[in-house]
Amino acid sequence: ADTIDGQFHALQGRLTGGLSPVAVGLAYLDWVLHLANSPGKASELARNSAVKGAEFADYAWRGATDPEAPPYIRPLPQDRRFQGPAWQQWPFNVVHQSFLLTEQWWRYATTGVRGMRPHHQDLVSFTARQALDVFAPSNFPWTNPEIIQRTREEGGDNLRRGAENLLQDLTR
């Protein structure tokens, strides 16, 4: 039994990058139970969604009709994914701003929940951010204007090279 468990945990560690699913599960349980027991925080999250949603709808309209419309949300200083000028043009301005708004909401939702252990808060906030980053518009050819432009310029060779790199990575 110990050998099987050891091999299973070693494989699991490789698949999860060393994060224990039990530790992550306990952190999320700590977050969800404390959030469920915090009607004030839940109310703030709902209000935040409504207010930010209305403000974002206004931004989306301005972003579609005014090429000089300032961004609704500024990325964090270390986030350089959306700096290129193509990201400031419609519809990519609205796409990336929507993503940044979602990131901002989840950061607020996973922090400042009364009663949570600080380590659990850090773990939940970190894993939520990592999960969101997987779906960043910069990661997909159809939502990334820089990839679209490069694909046009190279006649799709960049996508072929990317597919070859992916196959090599998967083989390894």
Side-chain angles (χ1 to χ4, degrees), residues 14-19 21 24-25 27-28 31-32 35 41-42 44-113 116 120-172:
R14 273 189 247 130
L15 294 174
T16 63
L19 284 175
V24 173
Y28 270 87
W31 172 67
V32 78
L35 184 59
K41 177 74 172 185
E44 280 182 20
L45 288 170
R47 181 185 168 285
N48 180 284
S49 291
V51 169
K52 296 281 187 170
E55 291 173 355
F56 182 75
D58 179 61
Y59 164 77
W61 176 256
R62 283 183 293 109
T65 58
D66 177 8
E68 301 300 318
Y72 177 60
I73 296 177
R74 299 270 181 211
L76 296 174
Q78 68 272 21
D79 187 353
R80 296 187 305 267
R81 293 175 289 189
F82 310 116
Q83 286 184 341
W87 285 104
Q88 311 320 311
Q89 304 302 313
W90 189 86
F92 303 105
N93 57 348
V94 175
V95 168
H96 92 267
Q97 288 286 293
S98 172
F99 175 77
L100 291 174
L101 179 61
T102 302
E103 250 187 356
Q104 186 183 73
W105 187 89
W106 275 101
R107 187 171 34 258
Y108 184 62
T110 58
T111 58
V113 179
M116 272 189 77
H120 285 170
Q121 176 178 286
D122 293 345
L123 187 56
V124 167
S125 185
F126 172 78
T127 56
R129 189 173 56 253
Q130 295 301 303
L132 282 172
D133 281 348
V134 168
F135 299 103
S138 56
N139 291 339
F140 299 95
W142 52 88
T143 56
N144 184 326
E146 295 164 343
I147 293 176
I148 292 170
Q149 181 61 35
R150 174 86 39 96
T151 303
R152 283 186 192 130
E153 291 168 359
E154 295 188 24
D157 280 347
N158 60 326
L159 299 178
R160 180 191 48 77
R161 285 191 311 276
E164 288 171 355
N165 290 338
L166 174 62
L167 287 174
Q168 288 173 5
D169 289 346
L170 291 173
T171 303
R172 272 186 263 134

Looking at [X], I'd like to know if its [atom1] atom is crowded, meaning that more than 12 non-hydrogen atoms belonging to other residues, nucleotides or ligands lie closer than 6.0 Å.
X	atom1	value
F140	CZ	yes
Q78	CD	yes
W106	CH2	no
R161	CZ	yes

Distance-only, no hydrogens or angles: does the [X] side chain make a donor-acceptor pair with backbone N or O of [Y] under 3.5 Å?
X	Y	result
S98	V94	no
Q121	G112	yes
N93	P71	no
T65	W61	yes

### Any side-chain heavy-atom pair of F92 and P137 under 4.5 Å
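No, too far: nothing below the 4.5 Å cut-off.
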To the nearest 0.5 Å, tell me how far [X] [atom1] sits from [Y] [atom2].
X	Y	atom1	atom2	answer
E154	L159	CD	CG	8.5 Å
I73	T102	CD1	OG1	8.0 Å
L123	M116	CG	CE	8.5 Å
L76	L100	CG	CG	8.0 Å
N158	I147	CG	CD1	7.5 Å
T110	L35	OG1	CG	10.0 Å

### Task
Taking salt bridge (Lys or Arg N to Asp or Glu O under 4.0 Å) as the test, write out the residues that go with R62, two or more places apart.
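Only D58 meet the salt bridge (Lys or Arg N to Asp or Glu O under 4.0 Å) criterion with R62.
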### Query
Quick one: salt bridge (Lys or Arg N to Asp or Glu O under 4.0 Å) partners of R152, sequence neighbours excluded?
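R152 satisfies salt bridge (Lys or Arg N to Asp or Glu O under 4.0 Å) with no residue once adjacent residues are dropped.
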### Task
Please state whether the rings of F82 and F99 are parallel, tilted or perpendicular, taking 30° and 60° as the class boundaries.
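Perpendicular, since the angle between the ring planes exceeds 60°.
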### Task
Look at the rings of Y59 and F56 and say which category their plane angle falls in: under 30° parallel, 30 to 60° tilted, over 60° perpendicular.
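Ring orientation, 0 to 90° scale: tilted.
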### Message
I'd like to know if R150 pairs up with E146 as an ion pair, taking the criterion as any Lys NZ or Arg NE/NH1/NH2 lying under 4.0 Å from an Asp or Glu carboxylate oxygen.
### Response
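Not counted as a salt bridge, because no side-chain N and carboxylate O are separated by less than 4.0 Å.
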Heavy-atom closest contact ([X] atom, [Y] atom, distance):
X	Y	result
Y72	E55	OH-OE1, 2.6 Å
T127	Y28	OG1-OH, 2.8 Å
L45	W105	O-NE1, 3.3 Å

### Task
Determine, for Y108 and K41, whether the Lys NZ or Arg CZ falls below 6.0 Å from the six-membered ring centre while staying within 45 degrees of the axis.
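So K41 does make the cation-pi contact.
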### Residues in side-chain hydrogen bond (donor to acceptor under 3.5 Å, both in side chains) contact with D79, at least two apart in sequence or another chain
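Listed in chain order: R81.
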